[in-house]
Amino acid sequence: MDSIGSSGLRQGEEALSCPEEGLPGPSDSSELVQECLQQFKVTRAQLQQIQASLLGSMEQALRGQASPAPAVRMLPTYVGSTPHGTEQGDFVVLELGATGASLRVLWVTLTGIEGHRVEPRSQEFVIPQEVMLGAGQQLFDFAAHCLSEFLDAQPVNKQGLQLGFSFSFPCHQTGLDRSTLISWTKGFRCSGVEGQDVVQLLRDAIRRQGAYNIDVVAVVNDTVGTMMGCEPGVRPCEVGLVVDTGTNACYMEEARHVAVLDEDRGRVCVSVEWGSFSDDGALGPVLTTFDHTLDHESLNPGAQRFEKMIGGLYLGELVRLVLAHLAQCGVLFGGCTSPALLSQGSILLEHVAEMEDPSAGAARVHAVLQDLGLSPRASDVELVQHVCAAVCTRAAQLCAAALAAVLSCLQHSREQQTLQVAVATGGRVCERHPRFCSILQGTVMLLAPECDVSFIPSADGGGRGVAMVTAVAARLAAHRRLLEETLAPFRLNHDQLAAVQAQMRKAMAKGLRGEASSLRMLPTFVRATPDGSERGDFLALDLGGTNFRVLLVRVTTGVQITSQIYSIPESVAQGSGQQLFDHIVDCIVDFQQKQGLSGQSLPLGFTFSFPCRQLGLDQGILLNWTKGFNASDCEGRDVVSLLREAITRRQAVELNVVAIVNDTVGTMMSCGYEDPRCEIGLIVGTGTNACYMEELRNVAGVPGDSGRMCINMEWGAFGDDGSLAMLSTRFDASVDQASINPGKQRFEKMISGMYLGEIVRHILLYLTSLGVLFRGQQTQRLQTRDIFKTKFLSEIESDSLALRQVRAILEDLGLPLTSDDALMVLEVCQAVSQRAAQLCGAGVAAVVEKIRENRGVEELAVSVGVDGTLYKLHPHFSSLVAATVRELAPHCVVTFLQSEDGSGKGAALVTAVACRLAQLTRV
Ligand code: 0WK
Ligand code: BGC
Ligand code: BGC
């Protein structure tokens with residue numbers, strides 16, 4: 001809409017065109033005038049209908065209901081809280097779009113709660129029409145040029161400048177610094193911007209300008225800047241209202257009501273974008289012919305209909321259309337018109353404000369109309385003022401109906417009978433149209449009587465508010481950088497994983513050769529996986545995992561298992577060996593009684609999940625405890641003897657201990673019963689370890705060159721020779737130092753369930769100490785060892801769990817957190833579990849490649865029997881392990897079989913094989 005005089009004619013020289021005759025008589029005139037002004041009268045009922053219909057559309061859009069398409073967009077803005085007032089620092093603010101054909105650059109200094117208020121410095125730049133309608137790049141280059149022109153004039157240090165971008169158009173925000181323009185409004189229509197991230201476009205333009213290194217850290221809608229900028233009075237403003245060239249409002253909605261957000265706590269600022277409200281049912285009756293004409297001739301016909309009845313860009317045009325109509329009807333200016341009166345955009349918002357002004361209005365009307373080349377009579381002046389008043393009154397009333405809808409929505413979401421709220425107002429219509437604000441406030445009280453509303457004019461049009469958001473964004477961006485730096489060592493790349501695989505291969509070879517190696521590669525005397533001919537009843541014990549189980553395993557054509565879980569109190573696990581084995585025998589006796597097996601001496605297989613040097617199937621010397629066990633007088637002893645001694649101590653119990661197996665071996669055997677290709681056993685539970693069928697020729701210290709033997713790798717100790725130091729982080733070191741076996745089981749302490757929760761807890765403590773998490777408040781709970789269970793990782797990372805449940809878990813830990821905190825805790829868990837799974841995958845890749853090499857085959861198909869709570873319950877662990885194996889061992893097709901019955905069944909099968917072989921040797 002071009003301004004007066006843009007027709008190139010000097011003021012008052014435009015040619016008047018006046019009708020020769022046929023002017024209407026006085027009565028017709030007033031009727032024509034009434035009928036014309038009547039069109040702008042909006043009844044209370046109509047306003048209430050608009051209020052109700054807008055409220056309906058708002059709640060529909062909040063629920064994410066797509067059809068019918070809601071009339072308003074309700075766009076979340078990533079602003080989750082009103083200012084704390086603690087924000088500090090110098091910020092550059094660029095405002096584009098709020099005031100039509102101009103942009104403003106500000107330097108805002110925030111001084112926090114204590115500091116005194118520093119007035120922002122600002123400069124306004126007029127945007128040439130061809131730039132507003134030209135290529136998007138041109139517009140952003142123009143903005144970058146204005147930025148550097150403004151900064152050139154600022155006597156300030158221009159290093160590390162942080163900028164807040166106030167972009168007053170409807171945008172889909174996906175972050176505080178990521179925002180995609182949906183559609184232009186208000187006289188802008190640059191090409192190549194809709195659907196683009198406007199922050200990136202500005203960053204590119206600033207880079208092209210190359211004058212300053214400015215970090216654009218936040219983009220906000222002008223209504224948000226207005227709300228955030230309001231001086232915190234009795235209560236912070238929770239609604240932002242802008243009526244300038246365009247109009248819109250935002251407010252703090254309960255996050256749980258915003259369907260697109262996966263959040264249920266706290267609040268989020270939502271930009272209503274009510275400019276696009278156009279419910280024909282509600283708006284139809286109040287739309288005048290002048291509104292249709294204006295819309296038809298606008299840059300975006302059919303769009304922003306509500307805005308075109310309220311926004312300052314349109315009020316002048318509505319007045320012009322009415323004046324032109326009345327002139328052409330002969331009831332105004334004696335029926336004379338002028339080219340300026342008939343040209344679009346010749347009456348601006350300022351003119352309407354001046355003409356409307358009850359005090360100086362009449363004189364101004366004269367001046368404005370003469371500038372339009374008209375010679376108004378006194379009656380014309382009065383009528384023109386009536387027209388201005390009618391247009392502005394309607395605009396204020398419609399704006400009030402919309403604001404009342406927002407207040408009702410707020411009241412509903414807060415479930416409050418009466419709502420006390422502060423509304424920050426901004427924009428030149430609010431600032432310059434004295435009557436606009438009073439009519440607005442009066443009508444809001446009429447339409448939302450149960451709301452006690454205080455209107456707080458924004459001091460500087462939102463610049464400070466944008467700086468507030470920028471300060472928050474800058475703080476969050478800094479936190480994100482610290483989070484990334486902290487988690488970077490957990491993000492292992494292909495080369496690092498391939499190095500672990502190669503390291504493990506070297507350690508395996510040394511271990512098999514009986515040389516010093518962190519991998520002890522322990523022969524298990526299990527030479528074959530089951531062949532299905534096993535038969536009989538067997539007792540099995542399963543010690544070393546989360547639960548101690550006693551099992552009765554009946555092997556016929558299938559396997560039936562009856563088992564019972566018994567607890568091993570920490571005091572027993574870390575007591576005396578005698579006490580531990582007596583406890584084990586007590587459980588066996590209890591089980592036998594319950595199963596009616598008392599007095600029967602069934603062959604027993606003992607899954608003992610700790611590193612044992614086996615001298616035979618039923619002889620295993622415990623090398624060292626792991627996983628929180630530390631019973632005395634056991635290490636260096638034959639575990640089977642310890643069990644038999646306990647059996648002996650408990651008279652009247654007969655048990656025939658036939659085999660001792662590691663849980664990895666039990667798991668391999670258990671799965672091998674179903675799938676003969678299962679030649680690897682993997683445990684990722686409290687601890688971690690693997691076994692596999694190795695060629696006997698490669699196993700030093702075990703006689704024989706043919707056939708295979710299962711090797712228990714005890715890979716938990718991989719890296720105890722320092723070969724994993726390059727991957728170990730400060731958090732791994734803290735967990736290791738706090739463990740009962742510092743320096744031991746380093747690989748296990750990076751992977752298994754006993755330690756992942758502790759690694760996460762140490763990272764959270766570190767990030768809290770940096771102020772990144774929990775506002776830097778260290779809580780007693782978080783300093784408690786083992787308070788962050790590894791199962792929390794599985795729960796927190798489960799896709800079905802929304803951020804809200806993450807909160808619930810963390811709040812149960814007494815952690816005062818914000819939604820950003822919850823998100824960061826989730827990322828910490830993901831980084832720790834991903835590293836664990838990838839390291840585990842690198843280990844399996846080393847094993848399958850060893851077998852492929854052993855077999856001298858191009859392609860190897862092999863199955864891995866897996867057990868362990870972490871592997872089974874973590875939502876992504878197993879797929880990450882498989883993906884890493886595919887990446888590092890592309891010539892191996894590896895099938896992971898989750899063991900259903902645990903390794904107790906495997907122990908029974910090993911026992912069954914042993915019994916069958918024993919029988920064979922006896923016959
Ligand atoms: C179940 C097996 C048991 C093994 C355990 C490991 O039956 O032998 O020790 O899995 O998983 P965890 O219980 O430590 O998570
Ligand atoms: C835009 C809004 C903006 C309002 C006030 C409207 O045209 O769509 O995003 O808040 O104008 O500037
Ligand atoms: C033990 C292994 C066991 C693994 C899984 C490790 O701590 O040393 O023997 O297989 O945990 O339970």
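Heavy-atom basis, side chains included; hydrogens, waters and symmetry copies ignored. Each ligand, and each atom within it, is numbered from 1 in the order the structure gives. Counting from 1, the numbers follow the sequence of the chain as shown.
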K.L.:
Looking at Phe610, I'd like to know if the NZ or CZ of Lys627 sits under 6.0 Å from its six-membered ring centre while staying within 45 degrees of the ring's axis.
P.N.:
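Checked: cation-pi criterion met.
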K.L.:
Counting only heavy atoms closer than 4.0 Å, does ligand 1 sit against the backbone of Ser903, its side chain, both, or neither?
P.N.:
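Both of them.
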K.L.:
Show the atoms of ligand 2 that are less than 4.0 angstrom away from any heavy atom in Glu273.
P.N.:
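Within the 4.0 Å cut-off of Glu273, ligand 2 contributes 1 (C), 2 (C), 8 (O), 9 (O).
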K.L.:
Less than 4.0 angstrom from a charged side-chain N to a carboxylate O is my criterion; do Glu900 and Lys872 meet it?
P.N.:
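Looking at Lys872 together with Glu900, the answer is no, because their closest N to O distance does not fall below 4.0 Å.
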K.L.:
Using a strict 4.0 Å cut-off to heavy atoms of Gly902, name the atoms of ligand 1 that fall inside it.
P.N.:
7 (O)
K.L.:
Would you kindly specify which portion of Thr247 sits under 4.0 Å from ligand 2, judged on non-hydrogen atoms: side chain, backbone, both or neither?
P.N.:
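For Thr247, the contact with ligand 2 is made by the backbone alone.
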K.L.:
Would a line drawn from the ring center of Tyr692 to the ring center of Trp715 be shorter than 6.0 Å?
P.N.:
no
K.L.:
For Gly275, is the nearest heavy atom under 4.0 Å from an atom of ligand 2?
P.N.:
no
K.L.:
Report, in ascending order of atom number, the atoms of ligand 1 lying under 4.0 Å from any heavy atom of Thr686.
P.N.:
12 (P), 14 (O), 15 (O)
K.L.:
Can you name the residues that come within less than 4.0 Å of ligand 3, going by heavy atoms only?
P.N.:
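Its neighbours under 4.0 Å (heavy atoms only) are Ser609, Phe610, Pro611, Thr626, Lys627, Asn662, Asp663, Thr664, Ile683, Gly687, Thr688, Asn689, Glu714, Gln745, Glu748, given by chain and number.
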K.L.:
Using a strict 4.0 Å cut-off to heavy atoms of Gln304, name the atoms of ligand 2 that fall inside it.
P.N.:
7 (O)
K.L.:
Checking Asp197 side chain against Ser179 main chain: does a donor-acceptor pair fall under 3.5 Å?
P.N.:
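Here the side-chain-to-backbone pair exists.
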K.L.:
Which atoms of ligand 2 sit under 4.0 Å from any heavy atom of Asn221?
P.N.:
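Answer, ordered by atom number: 2 (C), 3 (C), 9 (O), 10 (O).
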K.L.:
Tell me whether Gly753 reaches ligand 1 (any heavy atom closer than 4.0 angstrom to a ligand atom).
P.N.:
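Under 4.0 Å: no for Gly753.
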